[in-house]
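Step one of this worksheet: look at the structure below.
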Amino acid sequence: MNKLTQHLLARIEAHGPMTVADFMGEALLHPTLGYYTTRDPLGADGDFTTAPEISQMFGELIGLSLAQAWLDQGAPAPFTLAELGPGRGTLMADILRATRAAPGFHAAAQIHLIEASPTLRAKQRATLSAEVTWHDNLDTLPDQPLFLVANEFFDALPIRQYQRGAEGWHERLVAMRDGTLSFALGPELPQPHLTHRLKDTIKDNIVETCPQAAAIADQIGTRIDNTGGVALVIDYGDWRAQGDTLQALQDHAFIDPLTAPGESDLTAHVDFEALAQAAPCAHSHLTPQGVFLERLGITARAQALATQLTGAALDSHIAAHRRLTHPEEMGNLFKVLALFPEGGTPPAGCTT
Ligand code: SAH
């Protein structure tokens, strides 16, 4: 049993069962034992890999979409170029390289990263040569146009789970049974915020909410409506999540989420409907990642890069293109939602 499990069991003994959100928050961000706080989880040696780590093309195309949106909005200066949960800083580095050719973009951009993990902040500092300001959350971002990207950030935010009962809902909890962590159900209670889920669920179905995701979408949307800008949110999930989507990854394989808190990556599918509804600005259609990247010209970019490659490097470049776009790989599982000003147009790659 690892140290974080011991800590969580002691907490449950003292205070009773905890919500799935409290469990997830501790497992990911406990100051000394949390998953993100203590390690770099990305890449072949880590537990999972992400689109920017698979190919530079991902960040380059996102950079071009953001730069085009910035031009379309009159090239405001200065503006905030922000990323939520930047991991190793690879996506931002690719965005910055691809946008060097956009006149005035770099001179006007102030780079702001929202990152909770000191370990990953250090990685980002090493990757990015540009001047960067770090934040714990969006509260401290400057009051100016906001051009933002978040890849595989919202799936890491703590979710609450509710199982439908006869009249109300039972919250799913993490409790102690036989000396180990175990799921349990709380008492049946009315949950007015889940009224809209009565139509698409039956008894015993599980639904999830992510209060932090909704609060962050509200903040982004409010800023975009007040000062201009756009946000590109890329993650796995769908328009309205259904069922238990909490999952744990260790060494690129799924494990029971309660087995190794702090040593496995915990995520849940993103409910994009909830994000769109929480953001008081306009939003695009939910677009599959493969379609988004094709619209931005990934095939032409892939062909251009391929002319400089041979052998194993060429094979892995072709595999990366397929992995990002093919419907049976990340192309359909991952989705893009764009937020933009009311009355404005969505950024390139997304439609309304
Ligand atoms: N976007 C990167 C990394 C995804 S992993 C990529 O695509 O490769 C999730 C990232 O979000 C990590 O950098 C993690 O430390 C950060 N993170 C998770 N929860 C957070 C929170 N509540 N506040 C700020 N950053 C968070």
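Counting convention: from 1, in listed order, for ligands and their atoms alike. What you see is a predicted model, and the numbers here were worked out from it, not measured in a lab.
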Task: Test side-chain contact (heavy atoms from CB on, under 4.5 Å) applied to M18 and I12, step by step - done: CA-CA 7 Å; M18 65 179 81; I12 291 168; 3.6 Å; yes
Task: Any side-chain donor near an acceptor of the partner, Q163 and H170, under 3.5 Å - done: no
TODO: Could you list the atoms of ligand 1 found under 4.0 angstrom from a heavy atom of S117?
DONE: 15 (O)
Task: Sub-4.0 Å heavy-atom approach of L28 to ligand 1 - done: no
TODO: Determine the interplanar angle of the Y36 and F48 rings, folded into 0 to 90°, and report it as parallel if under 30°, tilted if 30 to 60°, perpendicular if over 60°.
DONE: perpendicular
TODO: Looking only at protein heavy atoms, identify the closest one to atom 10 (C) of ligand 1 and say how far it is in Å.
DONE: G85 O, 3.5 Å
Open item on the list: Salt bridge or not between R160 and E208? Use side-chain N to carboxylate O under 4.0 Å.
Closed with: no
Task: Proximity flag R88 to ligand 1, non-hydrogen atoms under 4.0 Å - done: no
Open item on the list: Side chain, backbone, both or neither: which applies to P52 and ligand 1 if a contact is any heavy-atom pair less than 4.0 Å apart?
Closed with: side chain
Task: H285 and T351: side chain donor to acceptor below 3.5 Å - done: no
Task: N137 touching ligand 1 at heavy-atom level, < 4.0 angstrom - done: no
Task: Identity and distance of the protein heavy atom lying nearest atom 23 (N) of ligand 1 - done: A116 CB, 3.6 Å
Open item on the list: Tell me whether E115 has any N or O atom under 3.5 angstrom from an N or O of ligand 1.
Closed with: yes
Open item on the list: Tell me if the centroids of the rings in F58 and H321 come within less than 6.0 Å of each other.
Closed with: no
Task: I202 CD1: over 12 foreign heavy atoms closer than 6.0 Å - done: no
Task: Protein contact of atom 4 (C) of ligand 1 - nearest heavy atom, named by residue and atom, plus distance - done: E152 O, 3.4 Å
Open item on the list: Less than 4.0 angstrom from a charged side-chain N to a carboxylate O is my criterion; do E26 and R11 meet it?
Closed with: yes
- [ ] Please work out whether any backbone atom (N, CA, C, O) or any side-chain heavy atom from C-beta onward of L120 is under 4.0 Å from ligand 1, and answer side chain, backbone, both or neither.
- [x] side chain
Task: Numbering as shown, the atoms of ligand 1 that approach Q212 to under 4.0 Å (heavy-atom distance) - done: 22 (N)
- [ ] Examine the proximity of ligand 1 to L29 and report which part, side chain or backbone, both or neither, has a heavy atom under 4.0 Å away.
- [x] side chain
Task: ligand 1 atoms in contact with L157 (distance to a heavy atom under 4.0 Å) - done: 22 (N)
TODO: Can you pull out the closest protein heavy atom to atom 7 (O) of ligand 1? Residue, atom name and distance to 0.1 Å, please.
DONE: N151 ND2, 2.8 Å
TODO: List the closest protein heavy-atom neighbour of atom 26 (C) of ligand 1: residue, atom name, distance to the nearest 0.1 Å.
DONE: F153 CE1, 3.6 Å
- [ ] Verify whether the ring centers belonging to H106 and W70 lie closer than 6.0 Å.
- [x] no
Task: CD (E342) with more than 12 external heavy atoms under 6.0 Å - done: yes
- [ ] Check each of T201, T195, D200 against R197 using the side-chain hydrogen bond (donor to acceptor under 3.5 Å, both in side chains) test, and report the only one that passes.
- [x] D200
Task: Heavy atom of the protein closest to atom 6 (C) of ligand 1 (residue, atom name, distance) - done: T50 OG1, 3.3 Å
Open item on the list: Show the atoms of ligand 1 that are less than 4.0 angstrom away from any heavy atom in G87.
Closed with: 2 (C), 3 (C), 13 (O)
